[in-house]
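Everything on this sheet refers to the single structure shown next.
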Amino acid sequence: MRYSALKILKEGLTGNKGWKPVWREPEPKKEYDVIIIGGGGHGLATAYYLSKVYGVTNVAVLEKGWIGSGNVGRNTTIIRSNYMLPGNQPFYEMSLKLWEGLEQDFNYNAMVSQRSILNLFHSDGQRDAFVRRANAMMLSDAGAELADAAQLRRELPFLDFDNARFPIKGGLYQRRGGTVRHDAVAWGFARGADMNGVDIIQNCEVTGFHIENGVCTGVETNKGPIKANKVASCVAGSSSRVMALAGMRLPIESHVLQAFVTEGLKPTLPGVITFGAGHFYVSQSDKGGLVFGGDIDGYNTYAQCGNLPVVEDVAEGGMAIMPMIGRARLLRSWGGLMDMSMDGSPFIDKTHVEGLFFNGGWCYGGFKATPASGYCYAHLLAKDEPHPNATEMRLDRFISGHIIDEKGQGNQPNLH
Ligand SMILES: Cc1cc2nc3c(=O)[nH]c(=O)nc-3n(C[C@H](O)[C@H](O)[C@H](O)COP(=O)(O)OP(=O)(O)OC[C@H]3O[C@@H](n4cnc5c(N)ncnc54)[C@H](O)[C@@H]3O)c2cc1C
């Protein structure tokens, strides 16, 4: 079933009786060419590109809950490619380009909205760092624009430019950045993969790996054993737990990150705005709610709910740049499990076990990476070699010293 304006018109005139479920609910087969563990954005995107671009269709995505129940449906929906390091910038730019054509590609409305992202700066030193980053962005055609305080005063008069501690001196715009409706991304990729023959199996938890003589031959699940030539882990915040089942210890910690939404307001924020002197990012959803977040809670956990000190810290960040946010009533908040790597950058790599692959370490930034992560992971699974834009996302980079420390913070997950 393809979606089109004509189809909507026809269904509207005939009682909307022709809409069908957009993916099947198959029972797992005994054997697949590729098993993907985790039906989040990255797992589903991997299945989609594997089947569409690389022609590998005998694929199952095993999801322990339901599609969209993980971080893909919990994030603050921001997409951007304003990175600096060579190991990151081309990859995230590839992702932004894929976002730009995604809805036409998988024929699904994911509400991709390039409403811009603005990173505020508050000191001369921070401005210099942003100029450097802008130059790196321009080298990969990502687009970058520096705005001074006078321009921002005209465009965003509600910001607190003269805050005594954190005066706003300007900002770095990426006009192509913005937001995407997060759960529609999961549904769109699921639908596209299913149409290409991929089995999406919900309520199917992987509980172990079959590894013989250093070769992975399949997985154990709550629906029984399933064989596969290749097994690809893609479980984000559960990475450490799942890979421990294969005897692996990862350079990843799991933390909780919270998000918040206010009551619906009239259109106020034109795009995404981030605070440069603390951790706070905000955009306005199409329903009018201000959607915002800040730091991880800062302790290791597998719980998907957070604590009050971070609520206070995030609220302070919001008040520091736009005091009028204090008048908005908070409607709801939730938490998601972050796979925080030690240098803040992800992994898309083979493991030391033949036939077992790993994708994870996405920290707070994995939503924007979803299409490129799926594409590059599919490339690795199909061709047995890394995609040219993901060659540095290696699992052994902490042994060889080739870390990708975008912020220069060192091995401290809570600072990335
Ligand atoms: C509050 C919050 C805000 C965020 N904001 C942003 C943002 O604005 N921009 C951005 O780029 N990123 C953001 N992120 C990060 C982003 O959401 C994640 O990095 C990304 O979604 C992770 O990839 P995923 O979608 O595949 O993960 P998930 O959706 O979590 O998918 C992993 C799946 O694996 C399944 N699973 C786990 N264990 C098993 C098992 N044993 N067997 C089978 N399945 C299993 C889980 O149920 C889950 O569905 C945010 C995250 C949070 C929590």
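Every number for a ligand or one of its atoms is a count from 1 in the order of the listing.
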- Where ligand 1 meets Cys363 - atom numbers and elements under 4.0 angstrom, heavy-atom basis: 15 (C), 19 (O)
- Message: Suppose I only count heavy atoms of Leu62 and a 4.0 Å limit; which atoms of ligand 1 are within that range?
- Response: 43 (C), 44 (N)
- Hey, is ligand 1 close enough to Leu257 that some N/O pair sits below 3.5 Å? no
- Query: Does the N or O separation between His42 and ligand 1 drop below 3.5 Å for any pair?
  - Reply: yes
- Task: Determine, considering heavy atoms only, which of Asn75, Thr221, Leu44 sits nearest to atom 4 (C) of ligand 1.
- Result: Asn75
- When you check the side-chain N and O atoms of Asn119 and Thr274, is any donor under 3.5 Å from an acceptor? yes
- Task: Below 4.0 angstrom from a heavy atom of Gln258, which ligand 1 atoms are there? Numbered from 1 as shown, please.
- Result: 1 (C)
- Task: Measure the spacing between CZ of Arg74 and CZ of Phe367 and express it to the nearest 0.5 Å.
- Result: 14.5 Å
- Examine Arg241 relative to Tyr302 and say whether NZ or CZ is less than 6.0 Å from the centre of the six-membered ring and inside a 45° cone about the ring axis. yes
- Query: Any N or O of Val242 that comes nearer than 3.5 Å to an N or O of ligand 1?
  - Reply: no
- Message: What protein heavy atom lies closest to atom 44 (N) of ligand 1? Include the residue and the distance to one decimal.
- Response: Lys64 N, 3.1 Å
- What protein heavy atom sits nearest atom 36 (N) of ligand 1, and how far off is it? Val235 CG1, 3.7 Å
- Can you find an N/O atom of Phe367 closer than 3.5 Å to an N/O atom of ligand 1? yes
- Query: Once the angle between the rings of Phe280 and Phe292 is folded into 0 to 90°, is it parallel (under 30°), tilted (30 to 60°) or perpendicular (over 60°)?
  - Reply: tilted
- Task: Report yes if Ala259 has an N/O atom closer than 3.5 Å to an N/O atom of ligand 1; otherwise report no.
- Result: no
- Query: Can you tell me the protein heavy atom closest to atom 14 (N) of ligand 1 and the distance?
  - Reply: Tyr364 O, 2.9 Å
- Message: Using a 6.0 Å cut-off, check whether atom CZ of Arg132 has over 12 heavy atoms from anything other than its own residue.
- Response: no
- For Lys368, take its heavy atoms, then give the atoms of ligand 1 lying under 4.0 Å from any of them. 10 (C), 11 (O)
- Task: Nearest 0.5 Å please: distance from the CD atom of Gln304 over to the CG atom of Leu257.
- Result: 11.5 Å
- Item | Identity and distance of the protein heavy atom lying nearest atom 27 (O) of ligand 1 | Ala236 CB, 3.4 Å
- Ignoring hydrogens and angles, state whether a donor on the side chain of His42 or Ser373 is under 3.5 Å from an acceptor on the partner side chain. yes
- Return yes when Gly365 approaches ligand 1 closer than 4.0 angstrom through a heavy atom, no otherwise. yes
- Message: Checking a contact table here: which protein heavy atom is nearest atom 9 (N) of ligand 1, and how many Å away?
- Response: Ile78 O, 3.0 Å
- Task: Give a yes-or-no answer on whether the side chains of Asn307 and Tyr299 include a donor-acceptor pair shorter than 3.5 Å.
- Result: yes
- Polar-atom distance check: Leu337 versus ligand 1, any N or O pair below 3.5 Å? no
- Message: Please tell me whether His402 and Glu392 have a donor and an acceptor in their side chains that are separated by less than 3.5 angstrom.
- Response: no
- Does even one non-hydrogen atom of Ala369 get within less than 4.0 Å of ligand 1? no
- Can you find a side-chain donor-acceptor pair between Tyr364 and Asp295 that sits under 3.5 Å? yes
- Message: Whether the Arg191 and Asn107 side chains hold a donor-acceptor pair (N or O, under 3.5 Å, no angle test) is what I'd like checked.
- Response: yes
- Message: Whether the Glu406 and Ser345 side chains hold a donor-acceptor pair (N or O, under 3.5 Å, no angle test) is what I'd like checked.
- Response: no
- Message: As an exercise, identify every atom of ligand 1 less than 4.0 angstrom from a heavy atom of Ser238.
- Response: 37 (C), 38 (N)
- Item | atom 21 (O) of ligand 1 - nearest protein heavy atom and its distance | Asn71 CB, 3.4 Å
- Message: To the nearest 0.5 Å, what is the distance between CZ on Arg394 and CD1 on Ile403?
- Response: 15.0 Å
- The atoms of ligand 1 lying under 4.0 Å from a heavy atom of Gly38, numbered in the order shown, are 33 (C), 34 (O), 35 (C), 44 (N)
- When rounded to the nearest 0.5 Å, the distance separating OG of Ser69 from CG of Asp183 is 11.5 Å
- Hey, does Trp362 come in under 3.5 Å of ligand 1, counting only N/O atoms on both sides? no
- Per-atom contacts of ligand 1 with Gly41, taking only distances under 4.0 Å to non-hydrogen atoms: 24 (P), 25 (O), 26 (O)
- Task: Looking only at distances, please establish whether an N/O atom of ligand 1 is found under 3.5 Å from an N/O atom of Tyr281.
- Result: no
- Task: Have a look at ligand 1 and work out which part of Thr370, if any, has a heavy atom under 4.0 Å from it: side chain, backbone, both or neither.
- Result: neither
- Indicate whether the side chain of Asn411 and that of Asp343 have a donor and an acceptor atom separated by less than 3.5 Å. no
- Message: Could you check whether any heavy atom of Ala45 sits closer than 4.0 Å to an atom of ligand 1, since that is the contact criterion I want to use?
- Response: no
- Item | Numbered atoms and elements of ligand 1 in range of Ile37, under 4.0 angstrom, heavy atoms | 42 (N), 43 (C)
- Note on the structure: When distances are taken from atom 41 (N) of ligand 1, the protein heavy atom at minimum range is Val206 O, 3.1 Å
- Message: Can you see whether Tyr173 has Arg175 sitting over its ring - NZ or CZ less than 6.0 Å from the centre and within 45° of the normal?
- Response: yes
- Query: So is Met338 polar-close to ligand 1, meaning N/O to N/O under 3.5 Å?
  - Reply: no
- Query: Which one of Tyr54, Phe357, Tyr49, Phe91 satisfies the ring pair (Phe, Tyr, Trp, His ring centres under 6.0 Å) criterion with His379?
  - Reply: Tyr54
- Query: What is the distance from atom CG of Asp160 to atom CZ of Phe166, rounded to the nearest 0.5 Å?
  - Reply: 11.0 Å
- Item | atom 33 (C) of ligand 1 [closest protein heavy-atom partner, distance rounded to 0.1 Å] | Glu63 OE1, 3.5 Å
- Does Thr76, backbone or side chain, put an N or O under 3.5 Å from an N or O of ligand 1? yes
